[in-house]
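Reviewing the structure listed below.
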Amino acid sequence: EDANVLTGVVVGAPAEAAGFLPGDRIISMNGRNVQNFEHIAESVVIAKTKPIETVVLRDGETVTLTVTPQEIKPEGSPLPTYRIGIRGGRMEKVQVGPIGALQGGVEYTWDAVERFGRLVSMLFGGHLQRSDFGGVVKISAIAGAQVQASILNLVIFAGILSIQLAILNLLPIPVLDGGHLMFFLYEAIAGKPLPVRVQEAAFMFGFMLIIGVAVLLNVGDVFDLMGG
């Protein structure tokens, strides 16, 4: 597969200054294995404007390069973007049967789950900032950018967003399905349900937590949009 092989390097971009060449196969970025361009984009977004130590395979030998992403602020968008200036990882339309489609869907879904898990791990590890997250405003901005790229990009983005929401829904927070599962688990172990007053208090806490997080994210999006 050539999903992580460069087909071009943008003139004047950070990748050219770092020494990347067409044909380079990116093996890892900051110690994380790279299998496709989604992994590359993820590494660039996480690093922001910090240097990325990148290992590439060139003519059968490994070469270590250091590239620092460039921050770009698209006009009319609250989201800054980061790029190193490489091309590759083109999508190809391949016809498959029902079994192949099911297998591909499962593999892509699992990859999205793994990426989400890595983001959560980095969140608790203190590697992410508030600006790395967003609410309705930021989601709308990203969706608009995907539409401009292609309808296929929008469909993929919607699929990834659905997977992430499904995972969040399973968190053990009252009012979410994960919270209900915790109550059912308690009832199965204790042989009786939690007292009604305890359940009501838990649901109120969960509701306030979800609303509070949503407000913080959307207020942050508005400040980003205003350049604050």
Side-chain angles (χ1 to χ4, degrees), residues 1-74 77 79-94 100 103-134 138 142 145-146 149-150 152-153 156-157 159-161 163-164 167:
E1 289 191 10
D2 294 332
N4 56 349
V5 175
L6 307 189
T7 59
V9 178
V10 178
V11 176
E16 183 186 47
F20 286 83
L21 298 174
D24 284 349
R25 181 185 297 273
I26 298 182
I27 304 301
S28 68
M29 302 185 82
N30 279 345
R32 300 173 62 236
N33 291 334
V34 169
Q35 298 177 350
N36 52 50
F37 261 66
E38 289 182 354
H39 293 164
I40 296 172
E42 181 182 306
S43 296
V44 171
V45 169
I46 292 171
K48 293 185 174 61
T49 55
K50 297 179 181 178
I52 303 174
E53 185 176 281
T54 306
V55 178
V56 304
L57 184 64
R58 179 185 299 168
D59 298 328
E61 298 182 358
T62 57
V63 179
T64 301
L65 305 171
T66 301
V67 59
T68 302
Q70 175 185 15
E71 180 177 339
I72 300 174
K73 295 184 178 179
S77 173
L79 296 171
T81 60
Y82 303 90
R83 68 156 196 165
I84 57 176
I86 56 176
R87 299 190 184 98
R90 297 171 182 169
M91 289 186 180
E92 294 184 2
K93 186 181 292 185
V94 179
Q103 180 181 355
V106 170
E107 291 176 353
Y108 192 87
T109 300
W110 180 249
D111 184 63
V113 171
E114 285 186 327
R115 277 183 282 150
F116 186 76
R118 289 196 297 270
L119 289 175
V120 172
S121 175
M122 285 183 285
L123 169 63
F124 287 103
H127 300 295
L128 298 178
Q129 304 173 0
R130 197 285 309 162
S131 58
D132 294 312
F133 300 89
K138 186 167 289 188
I142 296 175
Q146 301 304 317
S150 72
L152 178 59
N153 281 31
I156 294 174
F157 171 70
I160 294 175
L161 182 62
I163 293 170
Q164 293 177 345
I167 297 173

Looking only at non-hydrogen atoms, find the nearest pair between [X] and [Y] and report the distance.
X	Y	value
Val44	Tyr82	CG1-O, 3.6 Å
Ala13	Gly85	CB-CA, 3.7 Å
Ser43	Arg32	OG-NH1, 3.1 Å
Leu21	Leu6	O-CD1, 3.8 Å
Ile86	Val10	N-CG2, 4.4 Å
Lys50	Pro69	O-CD, 3.2 Å

### Query
Passes side chain to side chain contact (heavy atoms under 4.5 Å, CB included), Val113 versus Ile163? Steps please.
CA-CA 7 Å; Val113 171; Ile163 293 170; 3.9 Å; yes
### Message
Using a 6.0 Å cut-off, check whether atom CD of Glu53 has over 12 heavy atoms from anything other than its own residue.
### Response
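Count not over threshold, so no.
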#### Entry: Qualifying residues under salt bridge (Lys or Arg N to Asp or Glu O under 4.0 Å), relative to Arg58, sequence neighbours excluded
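Arg58 satisfies salt bridge (Lys or Arg N to Asp or Glu O under 4.0 Å) with Asp24 once adjacent residues are dropped.
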#### Entry: Residue of the set Val56, Asn33, Val34 for which side chain to side chain contact (heavy atoms under 4.5 Å, CB included) holds with Asn4
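Testing each of Val56, Asn33, Val34 against Asn4, the sole residue satisfying side chain to side chain contact (heavy atoms under 4.5 Å, CB included) is Val34.
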#### Entry: side-chain hydrogen bond (donor to acceptor under 3.5 Å, both in side chains) involving Ser28 - partner list, sequence neighbours excluded
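For Ser28, no residue satisfies side-chain hydrogen bond (donor to acceptor under 3.5 Å, both in side chains) once neighbours in sequence are set aside.
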With sequence neighbours left out, what residues match [X] under side-chain contact (heavy atoms from CB on, under 4.5 Å)?
X	result
Thr68	Pro51
Gln103	Glu107
Thr62	Val55, Leu57
Pro22	Val9

### Task
Give, for atom CZ of Phe20 and atom CD1 of Ile84, the distance between the pair rounded to the nearest 0.5 Å.
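Reported value, rounded in 0.5 Å steps: 5.0 Å.
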